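Atoms considered below: every heavy atom in the structure, side chains included; atoms not considered: hydrogens, waters and symmetry mates. If you're wondering where the values come from, they're calculated on a predicted model, not measured in any experiment. Numbers here are sequence positions counted from 1.
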Amino acid sequence: MHIHYLKHVPFEGLGSMEHVFVAEGHRLSNTCLYHDQPMPLVHDIDALVIMGGPMGVHDVDRYPWLAQEKEFIEAALRRQIPVLGVCLGAQLLAEVLGASVSKNAHEEIGWYPVQCTREPGSCAQGFPESFEALHWHGDTFSIPAGASHFISSEGCENQAFVYENHAIALQFHLEMLPSHVQAIYQACGDPGKSGPYIQGLEDMLADCERFRQAQKILKDFLMAFISRKMTL
């Protein structure tokens with residue numbers, strides 16, 4: 001399988017997803033949108049992963065490539081290939097599907113629990129009923145028409161949805177290892193920021209078991225994603 005992923009900034013790539021995909025024998029390619037690299041032909045890829053970034057889905061004037069990216073996501077959805085959006089990628093996927101993206105009531109930065117809001121089907125078979133996930137976002141999305149909402153948190157109601165049997169959006173991060181957290185904090189962190197759902201870098205890195213559990217959940221989920229077993 002040829003898996004293509006979209007990068008919005010140098011410090012947010014596939015993270016540990018890369019190891020899973022490579023170990024399963026899949027071919028990877030990427031478009032670095034911040035370098036204005038061209039998109040591939042959508043017919044040349046078998047799956048699409050859209051990663052995160054500090055910009056918002058409405059920032060087209062500042063990041064003109066967002067318009068082209070949305071068109072590419074729409075083309076991938078029309079082909080009904082597996083599409084995964086993470087954080088900003090989830091928001092882009094939601095907007096392309098006709099949902100709204102807006103400021104969340106709270107910023108979520110750090111490890112906070114999420115809960116499955118409905119009986120998991122095959123798409124969510126790798127997700128426990130409740131687990132800790134790493135968050136780094138200030139925006140949220142509504143659930144697109146025809147999609148199923150299935151994960152929520154105290155600080156952000158809409159954490160995940162699945163659309164038909166081929167597209168899934170995750171607002172949170174399972175792919176980040178400690179080195180990735182350090183990189184994003186160096187680029188975007190604010191030690192003076194506070195809030196009910198904001199942790200500092202030391203707290204985010206304090207418990208290695210959180211990262212181990214996230215990697216296990218991620219691997220189980222990705223097996224379902226690349227097998228197209230994503231219905232609820």
Test ring pair (Phe, Tyr, Trp, His ring centres under 6.0 Å) applied to W111 and F172, step by step | CA-CA 10 Å; W111 292 94; F172 50 87; over 10 Å; no
Kindly assign one of parallel, tilted or perpendicular to the pair [X] and [Y], based on the angle between their ring planes and the thresholds 30° and 60°.
X: F21; Y: F225; result: tilted
X: Y112; Y: H135; result: tilted
X: W65; Y: Y63; result: tilted

Are [X] and [Y] in one and the same hydrophobic cluster, where Ile, Leu, Val, Met, Phe, Trp and Tyr link if side-chain heavy atoms are under 4.5 Å apart?
X: F221; Y: V22; value: yes
X: F127; Y: M223; value: yes
X: V162; Y: L222; value: yes
X: L14; Y: L177; value: no

Just how far is it from atom [atom1] of [X] to atom [atom2] of [Y], taken to the nearest 0.5 Å?
X: Y163; Y: I143; atom1: OH; atom2: CD1; value: 13.5 Å
X: Y5; Y: C32; atom1: OH; atom2: SG; value: 7.0 Å
X: I50; Y: Q91; atom1: CD1; atom2: CD; value: 11.5 Å
X: I45; Y: I81; atom1: CD1; atom2: CD1; value: 4.0 Å
X: M176; Y: L134; atom1: CE; atom2: CG; value: 6.0 Å
X: I198; Y: I109; atom1: CD1; atom2: CD1; value: 4.5 Å

Test N104 against D139 for side chain to side chain contact (heavy atoms under 4.5 Å, CB included), laying out the working first.
-> CA-CA 5 Å; N104 192 45; D139 290 348; 6.0 Å; no
Do [X] and [Y] pair up side chain to side chain, a donor and an acceptor below 3.5 Å, judged on atom types alone?
X: S153; Y: Q159; value: yes
X: T117; Y: S152; value: no
X: Q215; Y: E175; value: no
X: Q37; Y: H35; value: no

What residues form a salt bridge (charged side-chain N to carboxylate O under 4.0 Å, His left out) with E69, not counting sequence neighbours?
-> none
Search all heavy atoms of [X] against all heavy atoms of [Y] and return the closest pair with its distance.
X: A76; Y: V83; answer: CB-CG2, 4.0 Å
X: L93; Y: I168; answer: CD2-O, 3.5 Å
X: V9; Y: G52; answer: CG2-O, 4.2 Å

Note: E12-K7 ion pair, threshold 4.0 Å (strictly below) |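 Result for this pair is no, no salt bridge flagged.
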Over 12 non-hydrogen atoms of neighbours within 6.0 angstrom of CD in E209 =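 Yes, the 6.0 Å shell around CD holds more than 12 heavy atoms from other groups.
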Got a sec: does the NZ of K219 have more than 12 other heavy atoms crowding it under 6.0 Å?
->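 No, not enclosed.
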Applying the side chain to side chain donor-acceptor pair (under 3.5 Å) test to Y197, which of E108, E154, E107, H106 qualifies?
->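 The passing option is E154.
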Before giving the answer on side chain to side chain contact (heavy atoms under 4.5 Å, CB included), spell out for S102 and F141 the whole-Å C-alpha distance, their side-chain angles and the decisive distance to 0.1 Å.
-> CA-CA 6 Å; S102 59; F141 47 77; over 6 Å; no
